[in-house]
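A short worksheet on the structure shown next.
Here the structure is a predicted model, which is why all the values come from computation and not from measurement.
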Amino acid sequence: MIWNETNGDLQLFDTGILRRAVVSAVRKLNPITLVHNPVIFVVEIVSILATLFVIRDLAAGDPTADAQVQITLWLWITVLFGNFAEAVAEERGKARAESLRASQKTTETKRLVLEHRMDFETVKSSELATGDVVLVEAGDIIPADGDVVDGIASVDESAITGESAPVIRESGGDRSSVTGGTKVVSDWMKVRVVIRPGGSFIDRMIAMVEGTRRQKTPSEVALTIMLVGQTIVFLVVVAALGPFSFYSGGMVATTFLLALLVTLIPTTIGALLSAIGIAGMERLVKANIIAKSGRTVEACGDVDTLLLDKTGTITFGNRMADAMKPLPGVQIRDLAEAAYLASLSDDTPEGRSILELVERTYGKMVENPAVLRHIPFSAETRISGVDLHPEGEVRKGSEDAIRSYAKMGENYQLTRIIQDIARSGGTPLVVARDHRVLGVIHLKDVIKPHIRDRFMQLRRMDVRTVMITGDNPLTAAAIAAEAGVDDFLAESTPERKLELIRKYQGEGRVVAMCGDGSNDAPALAQADVGVAMNDGTQAAKEAANIVDLDSDPTKLIEVVRVGKQLLISRGSLTTFSIANDVAKYFAILPPLFATVYPGLGALNVMDLHNPQSAILSAVIFNALVIIFLIPLALKGVNYVPSSPDMLLGRNLAVYGIGGIIAPFIGIKAIDLLIGGLGLV
């Protein structure tokens with residue numbers, strides 16, 4: 001059972017994954033493969049040398065040969081455990097990729113001979129090339145990523161997003177992009193292939209989570225260089241200990257020195273580093289997010305400025321009627337009745353909300369009104385309403401449109417009402433009857449619940465939030481204050497978005513933003529982290545470095561959280577590993593060299609049984625700690641939003657001090673166990 005049926009998540013340690021990981025860990029013993037992990041590669045070389053020295057000392061009858069055999073065995077176990085940590089992460093990634101690969105099967109499709117005609121030939125989806133136009137009808141699987149060039153259809157994207165409700169895809173606009181592997185539920189459309197099968201965003205992600213194309217991120221490369229440097233330092237130190245002990249008249253077995261080297265070099269983080277990176281990528285896939293590179297995931301953790309669209313991210317996007325504001329001398333019931341009549345033929349969310357507000361307050365205003373003609377809203381007139389039988393008419397619309405309709409000049413009371421609504425973040429909708437202005441409907445953008453709390457969490461993470469909206473500055477300021485964002489850009493255009501991103505980047509900030517339209521493409525390409533919606537245009541998806549399969553703009557906040565958790569996990573485990581090495585240095589050296597330098601016996605505060613027991617206990621602890629930390633590397637360190645200073649303090653307190661204490665406790669416990677069993 002790979003998937004947890006309650007939430008679609010992977011079981012932490014599925015038996016099938018563990019079996020495959022064990023086999024993979026053995027295969028990774030190949031030095032050509034292991035050389036990509038320098039620290040574990042050194043451990044393998046040391047294990048080979050220790051094996052040769054054990055064979056020599058067994059033949060020579062060395063009294064410490066039995067202890068050397070046990071130590072050598074645990075050195076090989078350390079190599080396997082190091083390989084196993086990476087193998088488990090890779091197998092989890094492969095299991096996660098299977099859910100995406102299920103939608104990537106080869107199918108037969110109808111390739112049009114000429115784009116403007118319906119004549120087609122049946123071909124396999126794998127034979128399609130970029131630029132081909134295919135016809136997909138009800139029941140067909142869309143064969144590849146593409147753009148709708150003609151027609152409109154309802155598409156089931158549940159194989160990709162998990163959302164069962166079909167979505168509409170049509171030519172033109174920002175909802176023309178379709179994803180390979182999704183299914184047409186009704187109607188038909190022509191789709192131009194923009195990415196041939198095998199090269200789509202999902203194919204790229206499958207390759208990345210499986211590890212076949214995973215490259216180390218800049219931070220991983222820098223950390224690897226540091227680990228190699230630390231390994232070289234301890235190699236020089238341990239190499240010098242042999243001659244020192246010989247010069248002092250004592251002799252420490254070469255196998256013991258090799259084991260000491262392994263316990264002192266950063267084997268813990270060396271074994272877990274790849275697993276942390278792969279697990280971070282897998283967490284994004286779990287959230288239905290496709291990242292084009294590991295560098296992108298890492299950049300998410302460095303983001304300190306978020307640009308968020310107001311509509312759909314901060315607000316629900318549908319303005320709802322909140323109140324009626326009559327002009328002086330007008331009864332509010334007369335205004336409500338006119339608003340009700342003017343909204344009878346308005347099937348927009350705003351129109352329905354006006355009907356609901358009136359009926360909720362006054363009941364149904366007019367039973368079966370005699371409507372002579374419906375006046376639909378248009379972008380040109382910015383007005384809508386009805387003509388009544390035998391005479392009379394009601395209209396609602398923008399301030400300018402209704403003023404023109406009513407031939408109304410300046411009116412202080414109307415201007416004041418409209419300004420008050422704008423200051424509160426609402427949208428005014430003016431109502432008139434028979435060319436007489438009655439008052440204003442207050443349409444309110446509804447802020448999403450808990451969005452203010454999420455922005456407070458981001459603020460604790462030292463992430464600045466900026467709302468982007470086409471509203472006027474007065475309305476934008478009111479909504480920004482209610483939502484709790486740090487800043488806003490009103491009356492935004494593609495050029496102003498791009499200019500704002502460059503301004504922040506010029507100040508040294510790392511910027512993330514999301515978008516779905518072709519006009520968002522320049523800003524998405526400029527941002528350090530650009531998140532495109534899967535239902536957006538192909539231009540937006542190509543410009544961005546992350547694609548959200550669920551097309552949820554609020555996912556940008558989750559992307560930042562995953563990136564920061566990745567960095568925190570890597571930093572925490574690195575701190576723990578280095579602290580471990582320091583503690584093991586002071587825990588092992590005194591008993592190991594007490595026979596050579598008797599004065600060191602005073603530093604044997606752990607009172608370990610003997611030198612053989614000390615080094616064997618340390619090697620066993622060194623191997624077991626890798627296994628114990630694998631769940632933490634896969635799940636990630638629990639991330640609580642807070643400032644970098646607080647995170648650093650918590651990191652040092654928990655993983656720094658914990659890393660120093662753990663070896664003393666663990667090594668002593670193992671020493672007591674093996675001493676009691678008489679193993680050394």
Side-chain angles (χ1 to χ4, degrees), residues 100-101 103-118 120-137 140-157 159-161 167-184 187-208 213 288-293 296 494 514-525 530-551:
L100 294 174
R101 184 179 281 111
S103 65
Q104 301 298 97
K105 298 175 181 176
T106 300
T107 59
E108 290 192 341
T109 189
K110 310 178 187 78
R111 182 170 61 190
L112 295 178
V113 179
L114 295 173
E115 180 180 334
H116 60 279
R117 299 183 62 181
M118 299 295 278
F120 61 82
E121 56 182 350
T122 302
V123 299
K124 291 183 177 180
S125 58
S126 57
E127 299 175 8
L128 294 174
T130 302
D132 285 348
V133 178
V134 298
L135 172 67
V136 285
E137 301 173 293
D140 289 348
I141 300 294
I142 297 175
D145 291 0
D147 284 327
V148 180
V149 295
D150 189 19
I152 180 172
S154 183
V155 179
D156 176 9
E157 297 185 341
I160 304 297
T161 66
V167 295
I168 301 298
R169 293 288 177 262
E170 58 185 326
S171 59
D174 292 343
R175 298 294 181 268
S176 61
S177 180
V178 293
T179 305
T182 57
K183 184 178 182 180
V184 178
D187 302 298
W188 62 272
M189 54 188 176
K190 296 178 182 178
V191 176
R192 177 178 285 111
V193 176
V194 294
I195 300 178
R196 69 178 303 277
S200 68
F201 296 117
I202 296 177
D203 290 309
R204 297 181 206 175
M205 195 57 177
I206 289 173
M208 289 184 65
R213 295 183 195 169
N288 264 357
I289 299 169
I290 295 177
K292 296 183 181 179
S293 70
T296 301
C514 64
D516 56 7
S518 297
N519 60 356
D520 289 324
L524 289 170
V531 182
M533 303 297 101
N534 188 47
D535 61 5
T537 62
Q538 193 63 35
K541 290 194 284 188
E542 286 293 342
N545 45 28
I546 288 179
V547 178
D548 175 24
L549 296 178
D550 293 330
S551 300

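The closest side-chain heavy-atom distance from Val149 to Lys190 is below 4.5 Å. The closest side-chain heavy-atom distance from Pro143 to Leu128 is below 4.5 Å.
Arg192 meets the salt bridge (charged side-chain N to carboxylate O under 4.0 Å, His left out) test with Glu115; sequence neighbours excluded. Every residue two or more places apart in sequence or in another chain that forms a salt bridge (charged side-chain N to carboxylate O under 4.0 Å, His left out) with Lys110 is listed here: Glu137, Asp140.
Here Lys124 contributes atom NZ and Arg111 contributes atom CZ; the two are 13.0 Å apart, rounded to the nearest 0.5 Å. Atom CG of Asp156 and atom OG1 of Thr182 lie 8.0 Å apart (nearest 0.5 Å). The CD1 atom of Ile152 lies 4.0 Å from the CD atom of Glu170; values are rounded to the nearest 0.5 Å. Between the CD atom of Glu121 and the OG1 atom of Thr109 there is a distance of 10.5 Å, given to the nearest 0.5 Å.
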### Task
Kindly determine whether Met189 and Ile142 satisfy side chain to side chain contact (heavy atoms under 4.5 Å, CB included), including the steps that lead there.
CA-CA 10 Å; Met189 54 188 176; Ile142 297 175; 3.9 Å; yes
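For the pair Gly530 and Ala544, the tightest heavy-atom approach, listed with the atom from each and the gap, is O-CB, 3.1 Å. Looking at every heavy atom in both residues, Gly146 comes nearest to Val194 through CA-CG2, 3.6 Å.
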